[in-house]
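First the structure, in the form of structure tokens, and then the observations on it.
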Amino acid sequence: MGTGDPAGMHMAHLLASSMGGIRAAGDLVARMQLSKKMRIDEAKKYVADKLHVTPLDLSDPHTMRLLREELDIGTITGVPGVAKGIAAKARIAQLLDIEINCVEQFKKKTGLHW
């Protein structure tokens with residue numbers, strides 16, 4: 001039996017995650033939709049303005065990879081010296097002017113404030 005289309009799962013994930021998730025800026029747009037109850041176009045504009053890019057740039061994985069590294073807000077693969085996990089989420093919260101629950105809980109637990 002054959003292995004099927006080797007790119008099939010990749011394409012399904014790409015389509016399912018719409019703007020590429022953390023590969024681009026889909027995670028940031030989705031965060032604004034959920035935390036601020038923004039509609040998608042409003043969320044895209046808000047995130048693009050905060051990142052100083054166009055809404056079209058938000059779905060470009062290459063542009064966003066470079067920008068994510070520059071802004072230290074996490075990337076899909078580990079890059080030495082680039083924030084990961086809670087540190088990346090804290091930077092995202094600061095950049096987008098939102099509260100992220102796990103970041104707030106971490107601050108309370110550790111007594112740290114950014």
Side-chain angles (χ1 to χ4, degrees):
M1 184 169 254
T3 59
D5 180 5
M9 186 52 74
H10 172 73
M11 290 306 294
H13 283 222
L14 183 65
L15 292 171
S17 60
S18 184
M19 294 180 66
I22 196 170
R23 291 185 191 277
D27 65 316
L28 304 177
V29 172
R31 211 173 266 288
M32 296 315 300
Q33 288 180 278
L34 295 172
S35 68
K36 301 279 187 174
K37 299 187 182 1
M38 292 180 173
R39 300 191 55 87
I40 189 146
D41 289 337
E42 180 184 12
K44 285 180 185 179
K45 183 176 177 353
Y46 182 88
V47 171
D49 288 347
K50 288 290 188 177
L51 301 180
H52 306 291
V53 297
T54 69
L56 188 58
D57 290 331
L58 297 177
S59 59
D60 180 348
H62 179 70
T63 299
M64 288 308 303
R65 171 66 182 232
L66 297 174
L67 188 58
R68 280 179 167 280
E69 287 181 24
E70 181 183 319
L71 296 174
D72 205 19
I73 57 174
T75 58
I76 194 78
T77 55
V79 175
V82 175
K84 297 172 196 63
I86 197 77
K89 286 185 179 188
R91 303 260 313 136
I92 289 168
Q94 183 180 32
L95 182 69
L96 297 179
D97 295 323
I98 59 173
E99 284 189 8
I100 298 176
N101 190 41
C102 64
V103 172
E104 296 305 313
Q105 294 302 316
F106 184 78
K107 286 179 184 178
K108 285 180 190 172
K109 187 173 184 175
T110 62
L112 297 175
H113 295 282
W114 292 290

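Positions are given from 1 along the sequence. Just so it is clear, the model here is predicted, and its values are computed rather than measured.
The heavy-atom pair separating D97 from Y46 by the smallest distance is CB-OH, 3.8 Å. The shortest heavy-atom contact between T54 and A48 is C-CB, 3.7 Å. In terms of heavy atoms, D72 sits closest to G81 at OD1-O, 4.0 Å. A pairwise comparison of heavy atoms in P61 and S59 identifies CD-O, 3.2 Å as the closest pair. Taking each heavy atom of L58 and M64 in turn, the nearest pair found is O-CG, 3.6 Å. The nearest pair of heavy atoms linking A43 to Q33 is CB-CG, 3.8 Å.
Counting heavy atoms from C-beta outward, F106 and I100 have side chains that stay 4.5 Å or more apart. Side-chain contact check for R91 versus Q94: some heavy-atom pair is nearer than 4.5 Å. Between V29 and M38, the closest side-chain pair of non-hydrogen atoms is not below 4.5 Å. With contacts defined as side-chain heavy-atom distances shorter than 4.5 Å, the pair L95/L51 qualifies. Side chains of V79 and R65 form a contact here, defined as non-hydrogen atoms less than 4.5 Å apart. Looking at K50 and L71, their side chains never come closer than 4.5 Å, going by heavy atoms from C-beta outward.
Summarising the geometry, atom NZ belonging to K44 is positioned 9.0 Å from atom CG belonging to L56; distances are rounded to the nearest 0.5 Å. The structure places NZ of K84 at 7.5 Å from OG1 of T75, a figure rounded to the nearest 0.5 Å.
For D27 and R31, the salt-bridge test fails: no basic side-chain N is under 4.0 Å from an acidic carboxylate O. Comment: K107 engages E104 in a salt bridge, judged by a side-chain N to carboxylate O separation of less than 4.0 angstrom.
Under the 4.5 Å side-chain heavy-atom criterion for Ile, Leu, Val, Met, Phe, Trp and Tyr, I86 and L28 are members of the same hydrophobic cluster. Note: the hydrophobic cluster containing L67 also contains I73 (ILVMFWY, side chain heavy atoms under 4.5 Å, direct or indirect links). Both I40 and V53 sit in one connected hydrophobic cluster of ILVMFWY residues. Membership requires side-chain heavy atoms under 4.5 Å apart, directly or through other members.
Heavy atoms of other residues, nucleotides or ligands lying less than 6.0 angstrom from NZ of K45 number 12 at most.
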